Protein chains: 2
Amino acid sequence: MQNVAEESAPQGGLRERKKRATRAALVEAAVRLAAEHGAENITVEAISETAGVSPRTFFNYFDSRDDVFVMIGAETSARLRRAVLEAPAELSPLQALRHALAAELAEVEQHHELWRLHAEVLRRSPRLLVRSLGVHAADELGLAETLAERMGADGPAAPSAGEESRRSALGLYPHLLAAVCVTAVRVAFEHWCVRQEERTFTDVFQETFDHLAAGLPAPSGTAGRP
Amino acid sequence: MQNVAEESAPQGGLRERKKRATRAALVEAAVRLAAEHGAENITVEAISETAGVSPRTFFNYFDSRDDVFVMIGAETSARLRRAVLEAPAELSPLQALRHALAAELAEVEQHHELWRLHAEVLRRSPRLLVRSLGVHAADELGLAETLAERMGADGPAAPSAGEESRRSALGLYPHLLAAVCVTAVRVAFEHWCVRQEERTFTDVFQETFDHLAAGLPAPSGTAGRP
DNA sequence: CGCAAATCTGCAGAGTCTGCAAAAAAGAGT
DNA sequence: ACTCTTTTTTGCAGACTCTGCAGATTTGCG
């Protein structure tokens, strides 16, 4: 039951490795098929056949057909939360989160071919895009919890009781900060998708967070000024 | 296509009134049934029978069964955009949007019984909640367009060509402002849902936007907070 | 090798959703 | 009042999604 010596190894038993491989195969098959033929024209049967499993097995991994298109960033959330906790203590909450996000984005760059296909699929399917937006927004609660932990106690102490109904134990500020930053990353990503040739993503990302940190004032050269 | 003398009347022809009535009946039937028996146990057949139409007609109004649970604020978006355009010209973009939101929230208070049931349904169905988050986030594109219009040209002129692919014509700032504000309203709403007895929604709403306007600095007493 | 647990698979069946064409209703003209 | 056109509703056939169940297969372990 206990972990014997699996601290540095990235995988657990052989079983878990196979599960991860199957899941990854299903996701990759789905994304590639959808990028070519359009997400709406891909059936579960086609995906599972490409991945080499039965249609029934598909539903052992995903609750619905659409889930396979929006569950790519599953591991990102956990990494992000750890990075927030490990950020230098002298940073403000916003700065710490910005720092953690920048590190995570570098990670994503590794798999950028699949991410690019994924973005293409979402762009051509408004229904799936909406679903994806919702999933990312749902991440923010966990992130808000982590921010509250960082703000409340720097050490690993104070696991407050009452783990159920996490919303009620959270202050407004951590929830707002997490939600706004998740949103800001999404906007930066969408903006960059349209202008990939003109600017680097890091550039757009930094400008976005500069707006946030400044309190969202009207940009200099606009008609309606305060 | 042109409006002849329907400026003050809230409805168009008799046909449109009946359509709106049918749609509202379907939404209300769905929400009430779901609030009682749980959203997952309600079939399209049950909803349409309660609303007095055929199951096939249901799908003439909603693309999927779940849509009926997340399409309540459909008219809110249009009203909000109009309010943004009509806001006093001397307000900054953020102030104008804050003003418009406050007005719209008063409107929602009218139907608060249905909204309360709706919130209950979403709270007990994570799947639908995620879907709802996505739909609200999708509203932001239209709002961003309106903000850009307000910032770019105060008058009713300049309906720029190229209506398709609206993202590419938008600057980063309007998109970010719209997305962040929509998110902020959602966070304020969720926070208030948990503490309805302690504070008014307007109160939470104002605090939320104060945080935003200040650039999300860490609140004063961060270290030791019970 | 043999046992126990987890996983994969096929199958039956309920529910979702779409295209099509006919019936019913609403609006407009004569 | 009557007809004609357009819109909306409806039933039906059929494809697809998703679930529960039971048996076959694979993995982990002694």
Side-chain angles (χ1 to χ4, degrees), chain A residues 1-6 9 11-27 29-30 33-34 37-71 121 125-128 130-131, chain B residues 1-6 9 11-27 29-30 33-34 37-71 121 125-128 130-131:
Chain A
M1 298 277 191
Q2 271 66 15
N3 50 348
V4 183
E6 320 167 355
Q11 23 67 306
L14 188 154
R15 222 164 209 161
E16 291 186 30
R17 235 185 306 164
K18 233 185 167 180
K19 272 190 91 163
R20 265 201 294 263
T22 300
R23 170 177 282 262
L26 284 169
V27 167
L33 286 173
H37 304 100
E40 315 300 330
N41 304 319
I42 302 300
T43 66
V44 170
E45 188 179 355
I47 298 172
S48 39
E49 183 169 357
T50 303
V53 297
S54 79
R56 186 63 184 82
T57 295
F58 177 93
F59 289 105
N60 287 339
Y61 283 87
F62 301 97
D63 284 343
S64 79
R65 189 204 68 145
D66 291 352
D67 277 2
V68 77
F69 294 115
V70 297
M71 287 297 187
V121 170
S125 175
R127 191 171 114 267
L128 289 180
V130 163
R131 207 173 168 116
Chain B
M1 290 288 196
Q2 274 65 17
N3 48 349
V4 183
E6 319 165 355
Q11 23 68 308
L14 188 154
R15 225 163 206 161
E16 291 186 30
R17 237 183 306 163
K18 231 183 168 184
K19 271 191 93 162
R20 265 200 294 261
T22 300
R23 170 176 281 262
L26 284 170
V27 167
L33 285 173
H37 304 102
E40 315 300 330
N41 305 319
I42 302 301
T43 67
V44 170
E45 188 179 355
I47 297 172
S48 38
E49 183 169 356
T50 302
V53 296
S54 79
R56 185 64 183 82
T57 296
F58 177 94
F59 289 105
N60 288 339
Y61 282 88
F62 302 97
D63 284 344
S64 78
R65 188 203 69 143
D66 291 352
D67 276 2
V68 77
F69 294 115
V70 297
M71 286 298 187
V121 170
S125 175
R127 192 172 113 266
L128 289 179
V130 164
R131 207 173 169 118

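Lettering of chains follows the sequences in order, A, B, ..., and the numbering in each one begins at 1. These figures come from a predicted structure and were not determined experimentally.
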>> Using the side-chain heavy atoms of B:Thr43, tell me which of these nucleotides is nearest: D:dT7, C:dG15, D:dT17.
In response: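 Between D:dT7, C:dG15, D:dT17, the one nearest the side chain of B:Thr43 would be C:dG15.
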
>> Heavy atoms from C-beta onward define the side chain here; which of D:dC16, D:dT27, D:dG11 lies closest to that of B:Ser54?
In response: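 Closest of the options to the side chain of B:Ser54: D:dG11.
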
Protein-nucleotides 21-24 of chain D N/O pairs closer than 3.5 Å?
none

Nearest 0.5 Å, what's the [atom1]-[atom2] distance between [X] and [Y]?
{"X": "B:Thr43", "Y": "B:Phe58", "atom1": "OG1", "atom2": "CZ", "result": "10.0 Å"}
{"X": "B:Leu26", "Y": "B:Phe62", "atom1": "CG", "atom2": "CZ", "result": "5.5 Å"}
{"X": "A:Arg23", "Y": "A:Glu16", "atom1": "CZ", "atom2": "CD", "result": "12.5 Å"}
{"X": "B:Thr57", "Y": "B:Asn60", "atom1": "OG1", "atom2": "CG", "result": "5.5 Å"}
{"X": "B:Arg17", "Y": "B:Thr22", "atom1": "CZ", "atom2": "OG1", "result": "12.5 Å"}

> Hey, which of these two, B:Val53 or B:Arg15, hits DNA chain D nearer its 5' end, going by closest nucleotide?
Replying inline: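 Its nucleotide being nearer the 5' end, the pick is B:Arg15.
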
Give the rounded distance in Å between these two atoms: [atom1] of [X] and [atom2] of [N].
{"X": "B:Glu16", "N": "C:dG27", "atom1": "CD", "atom2": "P", "result": "10 Å"}
{"X": "B:Lys19", "N": "D:dT9", "atom1": "NZ", "atom2": "P", "result": "7 Å"}
{"X": "A:Asn41", "N": "D:dA15", "atom1": "CG", "atom2": "C1'", "result": "13 Å"}
{"X": "A:Arg127", "N": "D:dC16", "atom1": "CZ", "atom2": "C1'", "result": "12 Å"}
{"X": "A:Arg20", "N": "D:dT27", "atom1": "CZ", "atom2": "C1'", "result": "16 Å"}
{"X": "B:Glu49", "N": "D:dT10", "atom1": "CD", "atom2": "P", "result": "12 Å"}
{"X": "B:Ile47", "N": "C:dC17", "atom1": "CD1", "atom2": "P", "result": "10 Å"}
{"X": "A:Glu45", "N": "C:dC8", "atom1": "CD", "atom2": "C1'", "result": "17 Å"}

> Could you walk me through whether B:His37 and B:Ile42 pass the side-chain contact (heavy atoms from CB on, under 4.5 Å) check?
Replying inline: CA-CA 7 Å; B:His37 304 102; B:Ile42 302 301; 3.9 Å; yes

>> For DNA chain C, which residues of residues 57-65 of chain A approach it to below 4.0 angstrom with any heavy atom?
In response: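 The answer is A:Thr57, A:Asn60, A:Tyr61.
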
> Is any side-chain N or O of A:Arg17 under 3.5 Å from a base N or O of D:dT27, one able to act as donor and the other as acceptor?
Replying inline: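 No pair found.
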
>> Whether the side chain of B:Arg127 engages the backbone of B:Glu40 through a donor-acceptor N/O pair (distance < 3.5 Å, no angle test) should be reported.
In response: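 Checking the backbone N and O of B:Glu40 against the side chain of B:Arg127, no donor-acceptor pair under 3.5 Å is found.
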
>> Treating B:Ser125 as the side-chain partner and B:Val121 as the backbone partner, does any N or O pair qualify as donor plus acceptor under 3.5 Å?
In response: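 It does not hold such a pair.
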
> Reckon A:Lys18 has a side-chain N or O less than 4.0 Å from the OP1 or OP2 of C:dT7?
Replying inline: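 No.
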
>> Determine whether A:Tyr61 and A:Val68 satisfy the following criterion, side-chain contact (heavy atoms from CB on, under 4.5 Å), listing intermediate values before the conclusion.
In response: CA-CA 9 Å; A:Tyr61 283 87; A:Val68 77; over 6 Å; no

